[in-house]
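These numbers were taken from a predicted model, which means no experiment stands behind them. For the numbers below, each heavy atom of this structure counts, side chains included, while hydrogens, waters and symmetry mates do not. Counting from 1, the numbers follow the sequence of the chain as shown.
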Amino acid sequence: MAFNKLAARLARLNAWTVIPATLAVATIVVSCEHPVTDPGSSIAQLVVSPQNVTLQQNQAEDFLAVGFTATGDSAEIAVSWSATGGSIDSSSAGKRHYGHYTSATCGTFTVTATSHPGNVSMAASVTVTGCPLPVASVSVTPATATIGVGQTAQYAAITRDAFGNPLGGRTVTWSSSNPGVATVNGAGQATGVAVGAATLTATSEGKSGTAAILVTNVPVASVAVSPASASVQVGQTVQLAATPRDANGNPLSGRAVSWASSNTAVATVSGSGLVTGVTAGSATITATSEGQGGTATITVSTVLVASVTVSPATASVQAGQTVQLAATPKDANGNPLSGRTVTWASSNSAVATVGGSGLVTGVTAGSATITATSEGKSGTSAITVTAPAPAPVASVTVTPAPASVPTGQTVQLTATLKDANGNTLTGRTVAWASNNTAVATVTGSGMVSGVTAGTASIAATSETVTGTSALTVTAAAASYVLVGAGDIADCDASATAALLDNIPGTVFTAGDNAYPNGSSADYTQCYDPSWGRHKVRTRPSPGNHDHNTSGAAGYFGYFGAQAGPAGLGYYSYDVGAWHIISLDSNIDMSAGSAQETWLRADLAASTKRCTIAYWHHPRFSSGTSHGSTGSTQPLWQALYDFGAEIVISGHDHEYERFAPQTADGTADAARGIREFVVGTGGAGLYSLGTPLPNSEVGNDNSHGVLKLTLSDGSYTWEFIPVAGDSFRDSGSGTCH
């Protein structure tokens, strides 16, 4: 019967759709149901749900409309939507018709659905709240003010609603009707520019208030010059200052001052009052403003150079090295004279040369006399040049000592060489060896691999001097931790570094490790005091800020062997059952490039079932600052071809997790790669926009790190926020 059919059809609407019972009952027709064969059949009823809704400003709401025939059957119709305020667009799914509504304006509006054919309509009510009261008026105080040229006056703007109540926190812009007379800044401070009148206007949300300002000219009554007298030597300078004052002795700002010398043969003066001694004598310097003047008396004296002292008087330097000499011209009383010209010369430039600043460079073994001359007077220094003799290695220190590593994992050791005086030596050859290769092996760069549980001594030898580190290889763990983030030290990453303090495992970086330019100084001053305390367990990747320093020299210099082969930018390592790859998205990534070719060969050689790769620029990102980087697609494709599980990137300073997908963004639950964008290491956060397809989770208000727990054939992830932030994300996955 029609009653039962209509009730059943209403019940099959979406779970969120509620049809008023009275509206359904009103359409009941007691008759047997027959198929609706005419798609143009007229309808007896159009049902719209929900009927009443309250929304916040810009909040979206979906309305559902379904048409019914007189017999209670759902009708095959089209539906158009309209709204008295806001915007609404439509979509249909079979006999269900949806109206998608939003409004940026507050108020009560009507949403109406109309059937076609039939023109049967039904309306719903929408109340939009959350809009602040608009500004209805603006008043400015004081209503008028009089100031002198160069003086200021402070105005204030009060915004009010339609009831006269003051409104706080509203933006006010200021303008002057005549900036040539008076200007006004964004804070309402007016400055007199020239004599005249102007109107100042304060505007907020389209409403304005005004005030008058009168600018008068306060005349200069006197000019004070300081110091009133001064002495200067020939060729030297002294700075004078002029202060125009009014009749009450108050300083006047913004007044033009001209300078003049009574005797330019003795002393000259610049437009800023800088006096230069020309020859011995005296001169009067006058500062004039608006016809008023002030003076200073200048005495110029000549002090002749009587001697020149060179220090050190004797010096020894190796060939190819330098030593700095200093020359001091003095008067007859032995007083040092500044500002005198000094020329330098070597008696034997084949042995030692000297620059214009007194920097001596040893050329070959021998002796030479270096002479400094000023105003005809000279002084000398005896220089002995010796053959170069590099200091021998006196000690070798291996760090970390002691060290530990699980079986199947690696740890990077570093050898520091010093001479007998404790100076660090570079460029020396270091040989590495393990006394128990059945337990641990070591490469020529000091990378140690755990073979089986036990102990071994790792030795680094240079010039017959050896240093060691006691190594303990532990049994392989059931799972391993990989933790980190990108976009880190700018210049305080202490909050995320504090998270690492309590998370064991291998630390990764997703680029832009040290701001602003990844220089050695940036790493020393910004990265090292925070994340640097975890350097020994860190396997980094570079970002575009690291490449701001040519060749990412600061990055490679700081991390050394932990960043892979020097200057290359990409490398791989294993953690348990996982193969980990660090890549460089700042260099060529195209198909057939050196990096892409290496990546495919590395993947082909790996014996591990599970694979992770990380680099700086994300293949996919919903961030509004940078977004997706298409040039990384060849790297993603290679990883997809070899069944990789995870890609991690930074660059956009927010967190986002994507479902497994292909290199072109097609969802692929079976073989796709899951991507994490983790630009949350410490630099200022950016904003997320409209989520891209396959984006599962996003957050742009929390700093933190991504912790991956890697097991044989599976993994879990957890985003851990810094203290004070609350966003978290977690989940698990399996290897392909």
Q: Taking side chain to side chain donor-acceptor pair (under 3.5 Å) as the definition, give me every residue that meets it alongside Trp717, ordered by chain and number, with sequence neighbours left out.
A: Asp729
Q: Can you pull the disulfide (SG to SG under 2.5 Å) pairs that have at least one residue in residues 631-675, sequence neighbours excluded?
A: none
Q: Looking at residues at least two apart in the chain, or sitting in another chain, which of them share a side chain to side chain contact (heavy atoms under 4.5 Å, CB included) with Ser494?
A: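 So Ser494 forms a side chain to side chain contact (heavy atoms under 4.5 Å, CB included) with Asp492.
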Q: What residues form a ring-ring contact (aromatic ring centres under 6.0 Å, His included) with His579, not counting sequence neighbours?
A: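 Listed in chain order: nothing, the list is empty.
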Q: Could you tell me how the ring of His653 sits relative to the ring of Tyr515: parallel (under 30°), tilted (30 to 60°) or perpendicular (over 60°)?
A: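 Ring orientation, 0 to 90° scale: perpendicular.
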Q: Tell me every residue that passes side chain to side chain donor-acceptor pair (under 3.5 Å) with Thr509, counting only those two or more places apart in sequence or in another chain.
A: Asn513
Q: Only pairs at least two apart or in different chains count here, so list each salt bridge (Lys or Arg N to Asp or Glu O under 4.0 Å) that has a residue in residues 701-723.
A: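 Residue pairs with at least one partner in residues 701-723: Glu718-Arg728.
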Q: For Trp578 and Tyr715, take the angle between the two ring planes, folded into 0 to 90°, and tell me which bin it lands in: parallel under 30, tilted 30 to 60, perpendicular over 60.
A: perpendicular
Q: Go through the structure and list residues passing side chain to side chain contact (heavy atoms under 4.5 Å, CB included) with Gln637, not counting sequence neighbours.
A: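 With sequence neighbours excluded, Gln637 shows a side chain to side chain contact (heavy atoms under 4.5 Å, CB included) to Arg600, Tyr640, Asp641, Ala663, given in chain and number order.
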Q: Name all residues meeting the salt bridge (Lys or Arg N to Asp or Glu O under 4.0 Å) criterion together with Glu696; count only those two or more places apart in sequence or in a different chain, and write none if there are none.
A: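 If we apply the salt bridge (Lys or Arg N to Asp or Glu O under 4.0 Å) test to Glu696, skipping adjacent residues, the hits are Arg657, Arg674.
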Q: Mind checking whether Trp636 and Phe620 have parallel, tilted or perpendicular rings, split at 30° and 60°?
A: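 Ring orientation of Trp636 relative to Phe620: perpendicular.
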Q: My understanding is that only residues two or more places apart in sequence, or in another chain, count here; which of them pass side chain to side chain contact (heavy atoms under 4.5 Å, CB included) with His736?
A: Glu645
Q: In terms of relative ring orientation, are Trp174 and Tyr155 parallel, tilted or perpendicular, with 30° and 60° separating the classes?
A: tilted
Q: Going by side chain to side chain donor-acceptor pair (under 3.5 Å), name the residues that satisfy it together with Tyr614, two or more places apart in sequence or in a different chain.
A: Tyr573
Q: With sequence neighbours left out, write down each residue that passes side chain to side chain contact (heavy atoms under 4.5 Å, CB included) with Thr199, or none if nothing qualifies.
A: Ser177, Thr201, Thr210
Q: For Thr611, what residues pass the side chain to side chain donor-acceptor pair (under 3.5 Å) criterion, not counting sequence neighbours?
A: none
Q: Would you call the rings of Tyr101 and Phe63 parallel, tilted or perpendicular if under 30° counts as parallel and over 60° as perpendicular?
A: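 Rings of Tyr101 and Phe63: perpendicular, over 60°.
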